[in-house]
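Encoded as structure tokens, the structure appears first; notes follow it.
Treat the numbers as computed from the prediction; the structure is a model and nothing was measured.
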Amino acid sequence: MTSNPLDRLLRPQTIAVFGGREARRVIEQCDRMGFAGKIWPVHPKLDEVLGRPCYRSLTDLPGAPDAAFVGVNRTLTVDIVRGLSRAGAGGAVCYASGFSEATAELADGAALQQALVEAAGGMPILGPNCYGLINGLDGALLWPDQHGMQRIERGVAILTQSSNIAINLTMQTRGLPIAYVVTAGNQAQTSLADVACALMEDPRVTAVGLHVEGFGDLAALERLAAIARRSRKPVVVLKVGRSEQARQAAVSHTASLAGSDAVADAVLARLGLGRVQSLPALLETLKLLHIAGPLPNRSISSMSCSGGEASLMADAAVGRKVEFPALQPQQLPRLREVLGEMVALSNPLDYHTFVWGDVTRQTEAFSAMFEGGCALNLVVLDFPRGDRCDASEWTATVEAAIASAAATGALAGVLATLPENMPEPVANHLMANGIVAFSGIDEAVTAAEVAAGIGRAWDRPPPAPLLDVRPMDGEIETLTEADAKIELSACGLPVPRGLQAFSSREAAEQAERLGFPVVLKGLGIAHKTEAGAVVLNLKNAQAVSDAAATMACDAGYLIEKMVDPPVAELIVGATRDPVFGLSLTLGAGGIFVELLEDSVILPLPATKAEIHAAISRLKIAKLIHGYRGRPRGDLEAAVDAVAATAEYVVTNAVRLEELDLNPLMVLPEGRGVAAVDALIRRRR
């Protein structure tokens, strides 16, 4: 195990506890879990705590502790942390609240938190405002409350800002072996990503789950993803707090499409970090990752003794990135022989009850199903109530699943459609035998989808570092469409031929120079179409003059050649997320922006291959590929145009706040593309 600054705190041999009731509880929890190291209580008045001699102060301790639980008031916490740091302690858990999370009544909270960080110096601290950590591998706890964990030899690590959620997760009865639970509270100094990186260095940790309210350090997230890939230990994230802030103040359509949650999705996917939307899904995904790690593909097989369950399984895959492939020809004779003529052979498979209770025949049937090459093979099985029913035949099915997986080498899971129908002893038995004990159909499908997504990401070369450029200070200006197009044209983006004018007469003259038909636009107006500041297909000078005379605008006019009818219209843009910085948005453009809600977020920088793949994921890609006999669009020109836009964003990242091309018209194959509208907002 490599040396990490957090090692002593996470895996201590000596623990000092400061405080009264909470400190006593830490000792109780260590004793219950069989901690073999030394515990040093520190209290100015007590002589002993739970049979251990009590030290009057930090200076009386026999040495610098590896870890300390500081369960005193917030002001004294700062003093003790300073003393621990000077003494050479390995780290501390700061339990007290009243720091930066405090209400207005405690206006000094932020300042006190800064003082705490300064007092810690180079010594790691967790918190403040957190319960600390549970190390279920070594029985070491800095944790002042009950929990549901027990000693294990290997398992997953779960990290969260919320101590209460951490307690809830330790109480799970789903068979998930939890090696560590760590809470970070305010993350004043040490972030969840920092802790996760350290825990991955423990060979007994198999996977990591993060419950986060937000990401504060993009570099730490990238470092975590790189370590996960290198150590082959997958990470799954439950990020809460979906934000509408980007939509509320949107100047462009791009800003409304690229909310911070959508950007977070894209960044996590690029980094190879899985994402789930609920705590049950987090636990079920961690089970799968603990047993199998990332999946090589998204294929699933399913067997149940009920047509209703088979239908539920099939429906659960709709709209998800998983599939139930058809059975292989070599599977059919064997399944037919075991199950008989009355069973319709399909995937998901309703195998009826002809082999129910017969371990030998069930093993034969399950083995035939498991040999179809699917990444995950499920047996749907809800146990009856143990207090009222006999579950012996269900137990036989479990043993058949275990035997089939051992015989075939396939990854298998036993799935209870309802969590309460998977008894914890059964789940533990399955997991100990390498079978994933799933609870809930949707959660199991989510787990497969996430594990396959991580597998796909790891199969690709490691991504380039994300664009992480802090914006410069200065007032934000909005360029006119004409000026925006001049800038974008200079970087290789195709725009229509256009000229500017500052009177209706000049507009008509400029139109004559361009040649008809033309488009007339009023400059300096946001959302020009809605404001009536765009007139299309003007065919003579008088029409241009008349249109300009009725168009109220102070910044002048832009006259452009009409573009031929496109095959499809795209929106291409960039917005700055407060955490993840600038990213690119691709989607269905023109009138379809809100109608289809068809968009993809691309973190930057982006390669042409990534841009091509992103466009192909859009619903509107069918039009570009030639929908129902219509002409094909110039896809390669579209990719080149998006790549030029991405390069402009990267080059101007310090100043750029927002860019919007809507629409980028994709013309028939061989005729290119044209950005017919453009918006740029940047710092002066």
Side-chain angles (χ1 to χ4, degrees), residues 287-288 291-293 295-318 320 322-383 391-417 422 426 429-438 441 444-445 447-449 451-452 455:
K287 283 188 202 174
L288 176 56
I291 293 292
L295 295 183
N297 58 66
R298 60 185 191 177
S299 61
I300 303 174
S301 79
S302 173
M303 300 184 74
S304 61
C305 61
S306 160
E309 292 169 342
S311 297
L312 287 173
M313 291 300 300
D315 286 351
V318 175
R320 310 293 288 276
V322 297
E323 61 183 7
F324 289 99
L327 297 176
Q328 299 294 314
Q330 68 270 19
Q331 295 177 274
L332 301 179
R334 190 174 171 191
L335 285 168
R336 177 65 66 210
E337 181 182 354
V338 178
L339 299 177
E341 296 296 325
M342 296 181 63
V343 174
L345 301 182
S346 62
N347 181 29
L349 174 63
D350 168 17
Y351 66 86
H352 295 217
T353 57
F354 300 120
V355 296
W356 182 254
D358 187 329
V359 175
T360 301
R361 294 177 67 197
Q362 278 190 320
T363 301
E364 183 69 16
F366 295 168
S367 296
M369 196 69 172
F370 290 1
E371 290 178 342
C374 287
L376 176 63
N377 303 274
L378 298 174
V379 175
V380 181
L381 185 70
D382 281 65
F383 267 71
S392 57
E393 292 181 342
W394 282 258
T395 301
T397 302
V398 166
E399 297 309 315
I402 293 173
S404 301
T408 61
L411 174 63
V414 172
L415 166 61
T417 62
M422 173 62 75
V426 173
H429 178 59
L430 286 165
M431 297 288 286
N433 282 276
I435 309 294
V436 188
F438 284 116
I441 292 176
V445 171
E449 183 179 36

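- The 12-atom threshold is not exceeded at CD of Glu337, counting heavy atoms of other residues, nucleotides or ligands nearer than 6.0 Å.
- Using a 4.5 Å heavy-atom threshold, the side chains of Met303 and Met313 count as separate.
- Summarising the geometry, atom CG belonging to Leu335 is positioned 5.5 Å from atom CG belonging to Leu345; distances are rounded to the nearest 0.5 Å.
- Residues Asn347 and Met369 meet the side-chain proximity criterion, which asks for heavy atoms closer than 4.5 Å.
- The two residues Leu430 and Ala437 have their closest heavy-atom pair at CD1-CB, 3.9 Å.
- The shortest distance between side-chain heavy atoms of Val379 and Gln362 does not fall below 4.5 Å.
- The aromatic rings of Phe366 and Tyr351 lie perpendicular to each other, with more than 60° between the two planes, well past the 30° mark.
- The nearest pair of heavy atoms linking Phe354 to Arg361 is O-NH1, 3.3 Å.
- When atom types are taken as modelled, the side chain of Ser306 and the backbone of Glu309 share a donor-acceptor pair closer than 3.5 angstrom.
- Side chain of Asp382 to backbone of Met422: no donor-acceptor contact under 3.5 angstrom is found.
- Atom CZ of residue Arg336 and atom CD of residue Glu341 lie 5.0 Å apart, to the nearest 0.5 angstrom.
- If you take CZ on Arg320 and CG on Asp315, they are separated by 12.5 Å, rounding to the nearest 0.5 Å.
- Within the 4.5 Å cutoff, the side chain of Leu349 has heavy atoms near those of the Val343 side chain.
- In this structure, the side chain of Glu323 does not engage the main chain of Ser299 through any donor-acceptor pair within 3.5 Å.
- Using a 4.5 Å heavy-atom cutoff, the side chains of Leu295 and Leu411 are in contact.
- Under the side-chain contact (heavy atoms from CB on, under 4.5 Å) test applied with Leu381, the options Val398, Leu415, Thr417 reduce to a single match, Val398.
- Across every non-hydrogen atom of Thr408 and Ser367, the tightest pair is CG2-O, 3.8 Å.
- Contact detail for Asn297 and Ala452: the closest heavy-atom pair is O-CB, 3.5 Å.
- Counting all heavy atoms, side chain and backbone alike, Ala365 lies closest to Val338 at CB-CG1, 3.9 Å.
- For the side-chain hydrogen bond (donor to acceptor under 3.5 Å, both in side chains) condition, the pairs that include at least one residue of residues 369-378, sequence neighbours left out, are Ser301-Asn377, Arg334-Glu371.
- We find the CG-OG distance between Leu312 and Ser304 to be 9.0 Å, quoted to the nearest 0.5 Å.
- Of the possible donor and acceptor atoms, one in the side chain of Ser404 sits under 3.5 Å from a partner among the backbone N and O of Thr363.
- Taking 4.5 Å as the limit, every side-chain heavy atom of Val380 sits out of range of all side-chain heavy atoms of Ile441.
- What you find for Pro325 and Ile300 is that their closest heavy atoms are CD-O, 3.4 Å.
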